[in-house]
Amino acid sequence: MENTANTNQIPEKWATRFFIFWGGQAVSLVGSSLVQFALVWWMTKTTGSATVLATASLIAILPRVLLAPFAGTWVDRWNRKLVLIIADGLIALATIVLMVLFATKQESLWAVYIILLVRAAGGAFHSPLRFHSRRVSWRRKMAQPIKPITCRIYVKAGLT
């Protein structure tokens with residue numbers, strides 16, 4: 001009985017932890033959207049091809065479409081914190097590889113296609129993680145003031 005009472009209590013300083021976490025996620029998601037847009041724009045400008053524009057856009061969106069039906073189920077079954085770390089880690093690693101390729105002037109279309117694909121696959125897990133963490137991590141009492149904030153973050157990042 002004692003454990004049940006403790007789990008229903010609102011943790012101290014929940015707002016500070018919430019805003020640190022979601023602030024970091026907001027910066028990360030806006031940055032990811034900008035990188036995706038910049039890569040597609042660079043590929044189009046470099047080649048001048050509408051086919052490259054369409055292919056790059058498709059590769060940047062397709063993993064979310066294909067993984068969306070499964071990502072929510074996987075997030076519910078797996079350790080959410082670990083999934084978030086792996087997804088963000090893969091996105092960060094792909095971005096570092098991209099920076100190295102551009103710094104050494106070894107960028108190529110196929111490499112950017114692969115990086116777009118990896119970044120989009122990692123990003124496919126953000127929506128289920130966002131909804132699950134908001135639903136489970138914070139109690140009902142805290143969820144109502146938080147919901148509009150999280151929705152604004154994702155709308156501004158162009159991710160809804």
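When a residue number appears, it is its place in the shown sequence, counting from 1.
Rounding to the nearest 0.5 angstrom, the gap separating the CG atom in Leu116 from the CG atom in Leu98 is 8.5 Å. Interatomic distance, CG of Leu93 versus CD1 of Ile115, reported as 9.0 Å (0.5 Å rounding).
For residues 107-118, the pairs satisfying side chain to side chain donor-acceptor pair (under 3.5 Å) are Ser108-Trp110, with sequence neighbours left out. The list of side chain to side chain donor-acceptor pair (under 3.5 Å) pairs with a residue in residues 95-104, not counting sequence neighbours, reads Thr95-Arg119. Pairs of residues two or more places apart, or lying in two chains, never qualify as ring pair (Phe, Tyr, Trp, His ring centres under 6.0 Å) while including a residue from residues 47-67. Residue pairs satisfying the side chain to side chain donor-acceptor pair (under 3.5 Å) criterion with at least one member in residues 82-93, sequence neighbours excluded, are listed as follows: Gln25-Asp88, Asp88-His126.
Residues Val118 and Leu90 share a closest heavy-atom pair of CG1-O, 4.0 Å. Heavy-atom minimum distance, Gly123 versus Ile91: N-CD1, 3.6 Å. In terms of heavy atoms, Leu117 sits closest to Pro63 at CD1-CG, 3.5 Å.
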Contacts table for residues 37-45: side-chain donor-acceptor under 3.5 angstrom, sequence neighbours left out:
{"from": "Trp42", "atom 1": "NE1", "to": "Thr46", "atom 2": "OG1", "distance (Å)": "3.3"}
{"from": "Thr44", "atom 1": "OG1", "to": "Val40", "atom 2": "O", "distance (Å)": "2.9"}

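Summarising the hydrophobic clusters (Ile, Leu, Val, Met, Phe, Trp, Tyr; side-chain heavy atoms under 4.5 Å, direct or chained), the residues clustered with Ile85 are none.
Leu109 and Phe102 end up in the same hydrophobic cluster when Ile, Leu, Val, Met, Phe, Trp and Tyr side chains are linked at under 4.5 Å. Connection of Val83 to Ile86 is not established within any shared hydrophobic cluster, with ILVMFWY side chains joined at heavy-atom distances below 4.5 Å, either directly or through further cluster members.
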